[in-house]
Amino acid sequence: MKSLFMLIKSVPSAIPVPLKEKKEALGEVLNGDRLVSGPYRIDFLSEKDAEIACKRKLSKEEVARFRTAISKDYYFQMYFDDLPFWGFFGKVYNVGKADPSDCKYYLYKHPVFQIFYNKDRVIEINVRMDTRAVVDVTGDEPVDVDFMYTVKWKEIDVPFEKRLDKYKSSSSLRQIQWFSTLNSCVTLLLLTAFLATILMRILKNDFIKYAHDEESADQEEETGWKSIHGDVFRYPKHKSLFAAALGCGTQLFTITIFIFILAVVGVFYPYNRGALLTALVVIYALTSGIAGYTAASFYCQLEGTNWVGNLLLTGSLLCGPLFVTFCFLNTVAVAYKVTAALPFGTIVVIFLIWALVSSPFLVLGGIGGKDSKAEFQAPCRTTKCPRDIPPLPWYRKTLPQIAMAGLLPFSAIYIEIYYLFASVWGHRIYTTYVILFIVFIILLIITAFITVALTYFQLAAEDHGWWWRSFLCGGSTGLFMYAYCFYYYSAQSDMSGFMQTSFFFGYMACICYGFFLMLGAIGFCASLFFVRHIYRSIKCE
């Protein structure tokens, strides 16, 4: 006999006995899944016709809850042999067409399970509701219901290895995704051509000009980016915060690469519930040493002395906002009595992982970074007195530059973002990880290229405050992603109410904040490599 589990949220159960809950993994609990055993007994190749599952007298409150679930198109989700399938609770008949009070609400009481098999393996399962077997739940009166079910078996020749193909994206959707990826590649090629033909030509002319000035006997005043060679490597303000952000961004980049590796090798198959969240928690804890090492090493390169404070800042820069958001949203979930509220035991487990795994790795990484004795490689000496930055036009200031830096990378990925949102918030199954990985690589390259270009134009305007600017420009795509959340919420989703709104915008704020840190680190590292390269190519006194 195969086990059949169903997902119970906020509708009354049709089972008159205490529910038997399935033991959930950490990721399933974090995802809000609470599986219980269903009242339907399904034995392999054993067909049943209108078998009584249970008899139940629904109270007034249960009838009202079912009626609300039917009016809002609630659906149930079940699993059989780890294969998910879905169905609706009932249907609505609008008798008067215009007046909602004339609606009739009917509860389905007879699901028909159609199971397909190949030899001794279950390949597919579907469920349809018998529209003739319904119960009128329009009124606020107790109702006696005889819940029944039918099981039918049919043999097919689909091999067991291909039984997941049903849950993968359709060919038309994959074509749209590949077309979007091709569009992103064209954007990348155009941007690369711009940098290769325009920016490199400008740099070549600059190198020739500065070489000619060095050979000339006339001592002309230096202009352009060469004139700020004594300030371009001046350490940024709030260098402890800067190093902590760089460390967190590097850790998030490492986590993303590991997640993609697991996805490509097939770990996150459709019915492996909660695997992604489990992997995120475990990999985050194990990679905390990367954040500590990167932050402490770079902070010491910037001649920082309070490396312990920098380590504490690194540990709280990402976990702090996540903790505050979780406390608020978990309180909301408890108030609404939904399964998204984490049990106390799960909270203790997460705390122990943070305290016994993540924090020690962070400290060990920080100690290793402090003791690395790495020196900041600056091709030019920094002057004692900082040079004044000349007045800049409005479009060369920070906010316009951030807006320009984030628009192009976001335009290359926004179609794939829609499918991700539909998977996370629309409960669709996402399987095209190869396309997603290609889009991610394109995002990294475009972010690096556009940040380098804006950094050059900033230096050419004799503005040497490029450190924070490059980080903010690189991470600005995360701000565009969060702005897209408002469009998706209002135009593409059916979410409403305080709980759904707070969960959507709360958790998306954390995700977009993570993208901001990761892409900011990518943008700064690309700009640092570029700035070092161009100043090594000239002679600076």
Side-chain angles (χ1 to χ4, degrees), residues 30 234-258 280-331 342 346-376 467-472 474-475 478-479 506-507 509-525 528:
L30 294 177
R234 189 179 304 279
Y235 300 148
K237 297 179 180 179
H238 313 294
K239 53 188 177 183
S240 181
L241 177 61
F242 188 86
L246 183 63
C248 291
T250 306
Q251 181 191 8
L252 290 172
F253 174 73
T254 307
I255 292 173
T256 306
I257 295 299
F258 275 112
L280 282 174
V281 172
V282 173
I283 296 175
Y284 174 81
L286 296 178
T287 57
S288 296
I290 296 177
Y293 180 87
T294 304
S297 176
F298 195 74
Y299 178 68
C300 292
Q301 290 181 42
L302 300 182
E303 300 178 1
T305 56
N306 186 15
W307 69 274
V308 176
N310 172 256
L311 209 57
L312 293 175
L313 184 59
T314 304
S316 59
L317 191 62
L318 181 61
C319 289
L322 286 177
F323 175 75
V324 173
T325 303
F326 164 75
C327 290
F328 172 73
L329 295 181
N330 202 61
T331 303
L342 293 187
T346 304
I347 297 176
V348 172
V349 170
I350 295 177
F351 174 78
L352 292 177
I353 292 175
W354 174 80
L356 301 180
V357 182
S358 179
S359 297
F361 274 118
L362 179 71
V363 173
L364 291 176
I367 294 174
K370 176 185 71 72
D371 295 337
S372 63
K373 306 297 183 181
E375 295 183 358
F376 185 76
W467 296 71
W468 275 109
R469 177 81 66 85
S470 63
F471 193 96
L472 295 175
L479 302 179
Y507 282 124
C510 295
I511 294 173
C512 294
Y513 175 61
F515 268 92
F516 172 81
L517 293 175
M518 180 182 67
L519 296 178
I522 296 296
F524 168 73
C525 290
L528 179 61

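Just so it is clear, the structure is predicted and the values come from calculations on it, not from any experiment.
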Practice problem: Flag the pair F515 / L252 as yes when at least one side-chain heavy-atom distance between them is below 4.5 Å, and no otherwise. | Solution: no
Exercise. For residues F328 and V324, determine if any side-chain heavy atom of one lies less than 4.5 Å from a side-chain heavy atom of the other.
Key: no
Quiz prompt | All side chain to side chain donor-acceptor pair (under 3.5 Å) counterparts of T256, not counting sequence neighbours | solution = none
Quiz item: CG/L517 to SG/C512 distance, rounded to the nearest 0.5 angstrom?
Solution: 11.5 Å
Quiz prompt | Any donor-acceptor pair under 3.5 Å from W467 side chain to R234 backbone | solution = yes
Exercise. Kindly compute the distance separating OG1 (T294) from CG (L246), expressed to the nearest 0.5 Å.
Key: 6.5 Å
Quiz item: Taking T314 as the fixed residue, which of C319, S288, C248 is the one that meets the side-chain contact (heavy atoms from CB on, under 4.5 Å) rule?
Solution: C248
Practice problem: Could you pull out the closest heavy-atom pair between T305 and Y299, with the gap in Å? | Solution: N-OH, 3.5 Å
Self-check item: Separation between CG of N330 and OG1 of T325, rounded to the nearest 0.5 Å
Solution: 12.0 Å
Quiz item: Which pair of heavy atoms, one from S372 and one from Y293, lies closest together, and at what distance?
Solution: CB-OH, 3.7 Å
Quiz item: Of the non-hydrogen atoms in A295 and A244, which two are nearest, and what is the gap between them?
Solution: CB-CA, 4.1 Å
Quiz prompt | side-chain contact (heavy atoms from CB on, under 4.5 Å) between I283 and T254, intermediate numbers included | solution = CA-CA 9 Å; I283 296 175; T254 307; over 6 Å; no
Practice problem: Evaluate the side-chain proximity of I255 to I257: yes if any heavy-atom separation is below 4.5 Å, no if none is. | Solution: no
Quiz item: What are the two closest non-hydrogen atoms of E303 and K239, and how far apart are they?
Solution: O-NZ, 3.6 Å
Self-check item: Step-by-step side-chain contact (heavy atoms from CB on, under 4.5 Å) determination, T331 to L329
Solution: CA-CA 5 Å; T331 303; L329 295 181; over 6 Å; no
Quiz item: Atom CG of L241 and atom CG of L317: how far apart are they, to the nearest 0.5 Å?
Solution: 6.0 Å
Quiz prompt | Passing option when F524 is tested against W468, F298, F471 for ring-ring contact (aromatic ring centres under 6.0 Å, His included) | solution = F298
Quiz item: With a 6.0 Å cut-off on ring centres, are W354 and F326 close enough?
Solution: no
Practice problem: Would you please test I290 and F253 for side-chain contact (heavy atoms from CB on, under 4.5 Å) and show each step? | Solution: CA-CA 10 Å; I290 296 177; F253 174 73; over 6 Å; no
Quiz item: Roughly how far apart are S359 OG and L311 CG, rounded to 0.5 Å?
Solution: 9.5 Å
Practice problem: Taking all non-hydrogen atoms of both residues into account, name the closest pair between F516 and G475 and its distance. | Solution: CD1-O, 3.0 Å
Practice problem: With sequence neighbours left out, write down each residue that passes side chain to side chain donor-acceptor pair (under 3.5 Å) with S240, or none if nothing qualifies. | Solution: N310
Exercise. Looking only at non-hydrogen atoms, find the nearest pair between P360 and L356 and report the distance.
Key: CG-O, 3.4 Å
Practice problem: Taking the side chain as every heavy atom from C-beta outward, state whether V282 and F258 have any pair of such atoms under 4.5 Å apart. | Solution: no
Quiz item: What distance do I511 atom CD1 and L322 atom CG have between them, rounded to the nearest 0.5 Å?
Solution: 10.0 Å
Quiz item: Around atom OH of Y235, are there more than 12 heavy atoms of other residues, nucleotides or ligands at under 6.0 Å?
Solution: yes
